[in-house]
Amino acid sequence: ATAAKSSSNAERDVSDGVQVLLEMASSGLDDMAIEGAAGLAILSKPEGREALLASSRVHRVAKAADAALESEVPGVQVAGATLLANLTEDQRSHEALVAAGALDKAVELAESKHGAATA
């Protein structure tokens, strides 16, 4: 019973941590938004990805990636691009990323950066 309770507490802690990162990533304060988006990007690596792919939050994470790509703050954009890239490695998040418009936004952003560099 103790192991089950400990596991339940750990899952709740992870969920709470992801919630805090999502809130930070959507902050109007640049430094807070960078830290939140970077935290999500770190969690999106294979060893932490499960915390972001829970069905209850994968769509919010995809929307956070999309919003980060729209940011005017370069650090937030980079973290959003990293988050997006890491999540595209897993089929479970692909539909959520498409639905959030994050994949299209990444293509638009890449084209605008590339076009600006070659103009």
Side-chain angles (χ1 to χ4, degrees):
T2 303
K5 184 176 181 183
S6 177
S7 175
S8 175
N9 287 343
E11 288 174 20
R12 188 175 66 245
D13 288 347
V14 167
S15 181
D16 290 349
V18 170
Q19 179 62 34
V20 167
L21 290 173
L22 286 165
E23 290 172 9
M24 288 174 63
S26 65
S27 171
L29 302 172
D30 292 355
D31 288 346
M32 181 96 57
I34 291 169
E35 294 297 326
L40 291 170
I42 290 167
L43 272 179
S44 69
K45 294 179 180 179
E47 56 273 9
R49 190 173 296 153
E50 291 303 318
L52 301 180
L53 294 179
S55 61
S56 61
R57 73 178 73 94
V58 69
H59 291 282
R60 289 194 61 219
V61 171
K63 287 179 184 174
D66 181 58
L69 290 172
E70 289 183 0
S71 175
E72 298 294 320
V73 181
V76 176
Q77 282 185 345
V78 169
T82 302
L83 175 61
L84 176 74
N86 288 343
L87 289 177
T88 57
E89 295 174 0
D90 194 295
Q91 186 59 41
R92 293 172 291 173
S93 58
H94 185 79
E95 287 181 26
L97 291 167
V98 170
L103 294 178
D104 289 339
K105 185 90 40 37
V107 170
E108 289 170 20
L109 187 61
E111 286 174 348
S112 71
K113 298 293 184 191
H114 179 70
T118 59

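These numbers come from a predicted model, not from an experiment.
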Of the non-hydrogen atoms in N86 and S44, which two are nearest, and what is the gap between them?
ND2-OG, 2.9 Å
What pair of heavy atoms forms the shortest contact from G80 to A68, and how long is it?
CA-CB, 3.5 Å
How about [atom1] on [X], more than 12 heavy atoms from neighbouring residues, nucleotides or ligands closer than 6.0 Å, or not?
{"X": "E47", "atom1": "CD", "value": "yes"}
{"X": "E95", "atom1": "CD", "value": "no"}
{"X": "K105", "atom1": "NZ", "value": "yes"}

Would [X] end up clustered with [Y] when hydrophobic side chains under 4.5 Å apart are linked, directly or stepwise?
{"X": "L83", "Y": "I34", "answer": "no"}
{"X": "V76", "Y": "L84", "answer": "no"}
{"X": "V78", "Y": "L109", "answer": "no"}

Donor-acceptor pair, side chain of [X] and main chain of [Y], under 3.5 angstrom:
{"X": "S15", "Y": "E11", "answer": "no"}
{"X": "S93", "Y": "L87", "answer": "yes"}
{"X": "R92", "Y": "E50", "answer": "no"}

Please report the interatomic distance CG(L69) to CD(E108), rounded to the nearest 0.5 Å.
10.0 Å
Give the C-alpha distance, both sets of side-chain angles, the deciding distance and a yes or no for side-chain contact (heavy atoms from CB on, under 4.5 Å) between D90 and R49.
CA-CA 9 Å; D90 194 295; R49 190 173 296 153; 3.9 Å; yes
I want to check something: taking the side chain as every heavy atom from C-beta on, are H94 and L103 in contact at a cut-off of under 4.5 Å?
yes
Carboxylate-amine/guanidinium contact R60 E23, below 4.0 Å:
no
